[in-house]
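All of these numbers come straight from a predicted model, not from anything done at the bench.
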Amino acid sequence: RRNYHQGLLGSELSFDEKVKAYKINNIFKGDVWVNPQSPLLRPGLNINIGDYIKKINGNTLTKKYTPGHFLVNQSNDEVGLQVIKKNSKNRRTVTVKTIKDQKSLQYRDWVEYNKSYTHKHSKNKIGYIHIPDMGVHGFAEFHRHFLSEISYDGLIVDVRFNGGGHVSQLLLSKLARKRLGFDLTRWMGVEPYPVESPAGPMIAITNEFAGSDGDIFSHSWK
């Protein structure tokens, strides 16, 4: 049996009855410096949210024949898109490279949204960290945000959907560091002691999809 990998555009689309094309409702940004990169954000394309996709590889899209129909077995391939700019009738054809998997793009956007939401609604008093698993990825994600987020007055540690692993003890030992005071240095200003210690109270949130080492993390937290 052959596997036909679906080509993906890293976006959310919906059919517009008036324009008879697929409107771009959202473009997943992800990390622009790593692969896979978001196809519609390729340099020089000038594609934005609100634009429309009318054709793929010369095939006209309809409500019945969606982008998914014409992107079967087109993963990691160069495809031609006919794009209509928002509030314009001008059509142009651009070339994009599809991706096979867009979960990493969606994950990054989800984390950044959660972090921004937390900062905004706490008036910049609470930090946010999500730990996706207790392996290499989760260890890297934790340290990607740790030093900036512990500077807030409080901290939310999110282990929902944690896939488990083996580094929970290492992360808990860092989060358990009690801030004893501050050093007033001659050249470096004020810094906490210990340096890598949370500034204030913390809470952890989890759900039924956190398992294994992600589950013992929550138990140990309590």
Side-chain angles (χ1 to χ4, degrees), residues 5 8 10 26-38 41 75-76 99-183 185 188-222:
H5 297 294
L8 302 172
N26 187 29
I27 299 175
F28 304 129
K29 183 178 180 181
D31 289 322
V32 296
W33 60 88
V34 299
N35 287 319
Q37 293 183 339
S38 191
L41 295 180
S75 64
N76 297 320
I99 53 178
K100 180 180 178 181
D101 191 338
Q102 59 190 25
K103 290 194 293 291
S104 63
L105 305 179
Q106 293 170 296
Y107 173 75
R108 177 62 55 223
D109 289 4
W110 181 74
V111 170
E112 291 303 320
Y113 171 81
N114 290 345
K115 190 163 69 170
S116 297
Y117 182 93
T118 301
H119 294 169
K120 178 181 178 181
H121 289 274
S122 68
K123 295 182 173 26
N124 284 323
K125 292 182 178 180
I126 300 175
Y128 172 88
I129 297 173
H130 182 259
I131 309 173
D133 60 42
M134 295 298 172
V136 174
H137 183 207
F139 193 74
E141 276 294 312
F142 176 84
H143 288 94
R144 173 175 176 146
H145 305 284
F146 182 62
L147 290 181
S148 64
E149 299 307 294
I150 60 173
S151 63
Y152 290 86
D153 295 338
L155 179 65
I156 295 174
V157 180
D158 187 353
V159 290
R160 291 176 296 169
F161 311 103
N162 187 282
H166 57 276
V167 301
S168 65
Q169 298 173 64
L170 297 174
L171 304 189
L172 283 166
S173 66
K174 282 202 167 186
L175 291 165
R177 291 176 182 173
K178 185 176 180 180
R179 184 166 292 191
L180 302 176
F182 294 88
D183 290 340
T185 63
M188 302 299 292
V190 178
E191 61 180 24
Y193 183 89
V195 174
E196 295 183 6
S197 57
M202 301 179 292
I203 65 167
I205 57 176
T206 188
N207 61 13
E208 67 272 27
F209 301 108
S212 192
D213 207 41
D215 202 21
I216 197 65
F217 179 94
S218 301
H219 178 75
S220 301
W221 186 282
K222 289 195 294 183

Practice item. Identify, with sequence neighbours excluded, every residue that meets ring-ring contact (aromatic ring centres under 6.0 Å, His included) alongside Phe209. Key: Phe161

Practice item. Mind telling me whether Tyr117 and His121 have parallel, tilted or perpendicular rings, with 30° and 60° as the class edges? Key: tilted

**Study point:** Test side-chain contact (heavy atoms from CB on, under 4.5 Å) applied to Ile131 and Glu141, step by step
**Key:** CA-CA 6 Å; Ile131 309 173; Glu141 276 294 312; over 6 Å; no

Check your understanding: Just how far is it from atom CG of Leu171 to atom CE of Met134, taken to the nearest 0.5 Å?
Key -> 5.5 Å

Exercise for review: Identify the residue among Tyr107, Phe146, Tyr113, Phe142 that makes a ring-ring contact (aromatic ring centres under 6.0 Å, His included) with His130.
Suggested key: Tyr107

Review point. Do you know which two heavy atoms are closest between Ala199 and Tyr152, and how far apart they sit?
Key: CB-O, 3.1 Å

Check your understanding: At their closest point, which heavy atom of Ser38 faces which heavy atom of Lys29, and how far apart are they?
Key -> CB-O, 4.1 Å

Exercise for review: Indicate the atoms forming the closest heavy-atom contact of Phe182 with Pro192, along with that distance.
Suggested key: CD2-CA, 3.7 Å

Study note, to complete from the structure: Residues passing the side chain to side chain contact (heavy atoms under 4.5 Å, CB included) test with Asp215, sequence neighbours excluded, are none

**Study point:** Residues forming a side chain to side chain contact (heavy atoms under 4.5 Å, CB included) with His166, sequence neighbours excluded
**Key:** none

Check your understanding: Rounded to the nearest 0.5 Å, how far apart are CG of Leu8 and OG of Ser75?
Key -> 8.0 Å

Study note, to complete from the structure: Residues Met202 and Leu175: closest non-hydrogen pair is CE-O, 3.2 Å

Point to revise | Least distance between heavy atoms, Ile99 atom then Pro36 atom | key: CG2-CB, 3.6 Å

**Study point:** Interatomic spacing from OG in Ser168 to NE2 in His219 - rounded to 0.5 Å
**Key:** 11.5 Å

Point to revise | Over all atoms of both residues, closest heavy-atom pair of Pro201 and Asp153 | key: CD-O, 3.4 Å

Check your understanding: Who passes side chain to side chain contact (heavy atoms under 4.5 Å, CB included) against Thr185, sequence neighbours left out?
Key -> Asp183, Met188, Glu191

Exercise for review: In plain terms, say whether Glu149 and Arg144 are close enough for a salt bridge, that is, a side-chain N and a carboxylate O under 4.0 Å apart.
Suggested key: no

Exercise for review: Scan Lys103, Arg108, Gln102 and name whichever one has a side chain to side chain contact (heavy atoms under 4.5 Å, CB included) with Phe28.
Suggested key: Gln102

Practice item. Applying side chain to side chain contact (heavy atoms under 4.5 Å, CB included), name anything that partners Gln169, two or more places apart in sequence or on another chain. Key: none

Point to revise | Those residues that, when tested against Asp158, pass salt bridge (Lys or Arg N to Asp or Glu O under 4.0 Å) (two or more places apart) | key: Arg160

Practice item. Look up atom CG in Asn26 and atom CG in Asp109, then write down how far apart they are to the nearest 0.5 Å. Key: 7.0 Å

Practice item. Taking Gln37 for its side chain and Val32 for its backbone only, find out whether a donor-acceptor pair lies under 3.5 Å. Key: yes

**Study point:** Residues Ile156, Ile205; criterion side-chain contact (heavy atoms from CB on, under 4.5 Å); working and verdict
**Key:** CA-CA 7 Å; Ile156 295 174; Ile205 57 176; 4.2 Å; yes

